[in-house]
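First comes the structure, then the notes that go with it.
Heavy atoms only: backbone and side chains are in, while hydrogens, waters and symmetry mates are out. Atoms within a ligand are numbered from 1 in the order they appear, just like the ligands themselves.
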Amino acid sequence: MITALKHTFTEIMKRALEEARQFDKPVILSQVKSLNDSMNPLHFYAAGERLFLGERFYWATPGSRFTITGLGNECTVENDSAESDRFGRIESDWKRFKKIAHYEDGAKSHIGTGALLFGGFSFDPHNRRNERWNNYPEAKFFLPSVMLTVKDGVSFLTINRVIKPEDDLESCSAHFTTIANEVLTGKASTGEEYVNNYTLKEADTGTWLSAVQKATDLIKSGELDKVVLAREVQLEYDHKINIYSALSKLQTEQPTSFIFSFENGRQSFIGATPERLIKKENSRLLSTCLAGSIKRGKSKQEDTELGTELLNDEKNLIEHAIVVKMIKDSFEECCSEVKVSDHPQLLKTKNIQHLYTPIEGSMKAGYSLLNLTEKLHPTPALGGYPKMAAVEMIREIEPMDRGWYAGPVGWLDAENNGEFAVAIRSGLIEGEQATLFAGCGIVAESDPQMEYQETLIKLKPMLSALGGVNHECK
Ligand SMILES: C=C(O[C@H]1C=CC=C(C(=O)O)[C@@H]1O)C(=O)O
Ligand SMILES: [Mg+2]
């Protein structure tokens, strides 16, 4: 529970220290201020490089209406459990912390301020591991040292400290003062603008096409209804990739998507995903069924015609309906007042149009955000249907390790409100190298070459953000 008290911050710190000593357990103390001048969240991210390189995150909802930017890591909540309890363990480890928040300068408790965890989950803990994902375990979250939350143009600064029984008042107090001084005066270094010289490698294209063919055969023989198969491409630059510049481009070019970055040591996992998995605001739950795709038109008229074609295309409608059914069934189990429309709409991003059905409900007692995340993941937009058969088929025939691609990425706060998106249209970046991922829902009517073309469109947002928009994959 967050406790907001009208005491001076020193008194609150003393109380947090006493509690830590009395129960011999760390206490999270959060100081939240509302800022008079709004801050640019990406500049804040860039300014954090000097002190917090390797421990930063960024999250922006479509249109940047809500952003959280975290710097530093007060504590990591993680597990490498291959069992289904990896979600529940994050929740119980997080609940175990006593949290005390102090809201200053008229700031009130807002969802997404105060103590908050940001991170994500891998797609499939049972899949083989590629060593590039070594620092991304099955579940990993950071409690930032300092965080900027911007909601509808209003900025809040949260400073967190994990207070341990052996801490003293002076060092705690110095932590809050130093961080506030550093981040409010720090200058953003946005890095070098680069000329994009890179080479692109597509691994296993033939293997992927055969996998799609095999999947359609198995679907036709009745083994399952749908499976999502993904592939990866590797980019090698002649300079270090500028993450700030990539995030800025994603933000400008993909305004209908969630923009995220999880910087973890020397690697950053970033992307612009149009697909929300789950959002919880008090008892209100929202999810998005997004599956079925077509390219954008070159003219307005062609774009509308393509959209109409998608809305009436049987193969894509089947791909979409399987997702709606699964999410609706899960919502009906966990929610009252489930609302879902009978027909999909179109969701357009810069490069692609999708079939889109939002779904909402009022969460029943006994469920939680991470509960729902576990229940939904992977939806048939990322895994397939039935779930287990699809995930097993992916393990068997997809020629790669997805790591965190297509897994849930997002945040939860002290009240267990929060939001997760599915980490598609994404890439893992380290130094001069990037690995980008894209997948497609395969149903009986799928044609391998058409699905391959669909992956090319899905790679475009990240290729463009990294400066390679005109590259045509083979
Ligand atoms: C798996 C991906 O997209 C999913 C989300 C929307 C549409 C999809 C499709 O039409 O195939 C995919 O299910 C991806 O972008 O890597
Ligand atoms: Mg598709």
Side-chain angles (χ1 to χ4, degrees), residues 123-124 208 211-212 215-216 219 225-233 250 254 256-258 260 269-277 287-296 306-307 309-311 313-327 344-358 376-385 387 390-391 394 398 400 402-409 421-428 435-463 465 473:
F123 178 78
D124 173 15
W208 191 79
V212 174
T216 54
I219 293 167
D225 296 336
K226 175 179 177 183
V227 63
V228 177
L229 292 178
R231 61 188 202 90
E232 63 185 37
V233 297
L250 288 176
Q254 306 296 332
T256 47
S257 292
F258 294 82
F260 66 87
F269 181 52
I270 77 170
T273 171
E275 188 154 3
R276 167 189 290 136
L277 181 63
S287 182
T288 302
C289 313
L290 199 78
S293 314
I294 204 160
K295 65 182 176 187
R296 296 295 308 260
L306 285 166
E309 187 185 326
L310 179 62
L311 284 167
D313 180 68
E314 200 185 339
K315 179 251 174 192
N316 278 290
L317 286 167
I318 293 172
E319 217 181 305
H320 186 74
I322 293 173
V323 180
V324 176
K325 182 179 178 332
M326 183 268 186
I327 299 185
Q345 314 157 35
L346 291 175
L347 186 138
K348 296 180 191 244
T349 74
K350 182 170 187 275
N351 311 97
I352 197 164
Q353 326 192 28
H354 289 303
L355 294 176
Y356 163 75
T357 305
L376 294 177
H377 175 73
T379 75
L382 297 317
Y385 194 83
K387 190 191 238 186
V391 171
I394 292 169
E398 191 176 82
M400 66 168 193
R402 292 188 177 195
W404 278 32
Y405 157 74
V409 61
V422 289
I424 52 175
R425 320 291 149 84
S426 57
L428 183 66
T435 309
L436 312 185
F437 308 92
C440 292
I442 310 301
V443 291
E445 294 76 7
S446 285
D447 167 65
Q449 273 303 335
M450 301 258 293
E451 297 297 352
Y452 177 78
Q453 292 303 321
E454 194 172 305
T455 63
L456 296 185
I457 305 176
K458 287 168 172 166
L459 288 168
K460 280 188 178 173
M462 282 298 295
L463 275 175
C473 302

Inset, instruction - Would you check whether A230 reaches within less than 4.0 Å of ligand 1, judged by its heavy atoms? - result: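 It does not; every heavy atom stays at 4.0 Å or beyond.
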
Legend entry - Within-shell test, E451 vs ligand 1, heavy atom, strictly < 4.0 Å: no

Hey, which of [options] is the one that makes side chain to side chain contact (heavy atoms under 4.5 Å, CB included) with [X]?
| X | options | result |
| --- | --- | --- |
| L290 | L355, L347, V422 | L347 |
| K295 | L306, I352, L456 | L306 |
| P274 | K348, Q254, R425 | R425 |

Among all protein heavy atoms in this structure, tell me which lies nearest to [atom], with the distance rounded to 0.1 Å.
| atom | value |
| --- | --- |
| atom 8 (C) of ligand 1 | K458 NZ, 3.2 Å |
| atom 16 (O) of ligand 1 | Y405 OH, 2.5 Å |
| atom 6 (C) of ligand 1 | L290 O, 3.4 Å |
| atom 15 (O) of ligand 1 | R425 NE, 2.5 Å |
| atom 10 (O) of ligand 1 | S293 OG, 2.5 Å |
| atom 2 (C) of ligand 1 | G439 O, 3.3 Å |

Determine the minimum heavy-atom distance between [X] and [Y], stating which atoms define it.
| X | Y | result |
| --- | --- | --- |
| V227 | A390 | CG2-O, 3.8 Å |
| R402 | V228 | NH2-O, 2.8 Å |
| Y405 | I424 | CE1-CG2, 3.6 Å |
| G427 | M462 | N-CE, 3.9 Å |

Inset, instruction - Taking only heavy atoms of H354 into account, list the atoms of ligand 1 that are under 4.0 Å away from them. - result: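 Those qualifying, in numeric order: 6 (C), 7 (C).
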
Inset, instruction - Find all atoms of ligand 1 within a distance of less than 4.0 Å from any non-hydrogen atom belonging to A438, and give their numbers and elements. - result: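 So the answer, numbered in order with elements, is 16 (O).
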
Could you tell me whether [X] and ligand 1 have an N or O pair separated by under 3.5 Å?
| X | result |
| --- | --- |
| G292 | yes |
| E275 | no |
| F437 | no |
| N316 | no |
| K226 | no |

Inset, instruction - Test side-chain contact (heavy atoms from CB on, under 4.5 Å) on T455 and W208 and set out the steps. - result: CA-CA 11 Å; T455 63; W208 191 79; 3.7 Å; yes

Inset, instruction - Check step by step if ring-ring contact (aromatic ring centres under 6.0 Å, His included) holds for F269 and F260. - result: CA-CA 8 Å; F269 181 52; F260 66 87; 5.5 Å; yes

Legend entry - Closest candidate by heavy atom, reference atom 13 (O) of ligand 1, pool G384, A381, G441: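 Answer by nearest heavy atom: A381.
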
Inset, instruction - Using 2.8 Å as a strict upper limit, say whether an N, O or S atom of E454 approaches the Mg ion (ligand 2) that closely. - result: yes

Inset, instruction - Answer with yes or no after comparing the ring centroid distance for Y356 and H320 against a 6.0 Å cut-off, counting only values under it. - result: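 For Y356 and H320, the ring centres are not under 6.0 Å apart.
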
Inset, instruction - Could you pull out the atom name of the N/O/S atom in E319 that is nearest the Mg ion (ligand 2)? - result: OE2

Legend entry - Exam field: side chain K387 to backbone H377, donor-acceptor pair closer than 3.5 Å: yes

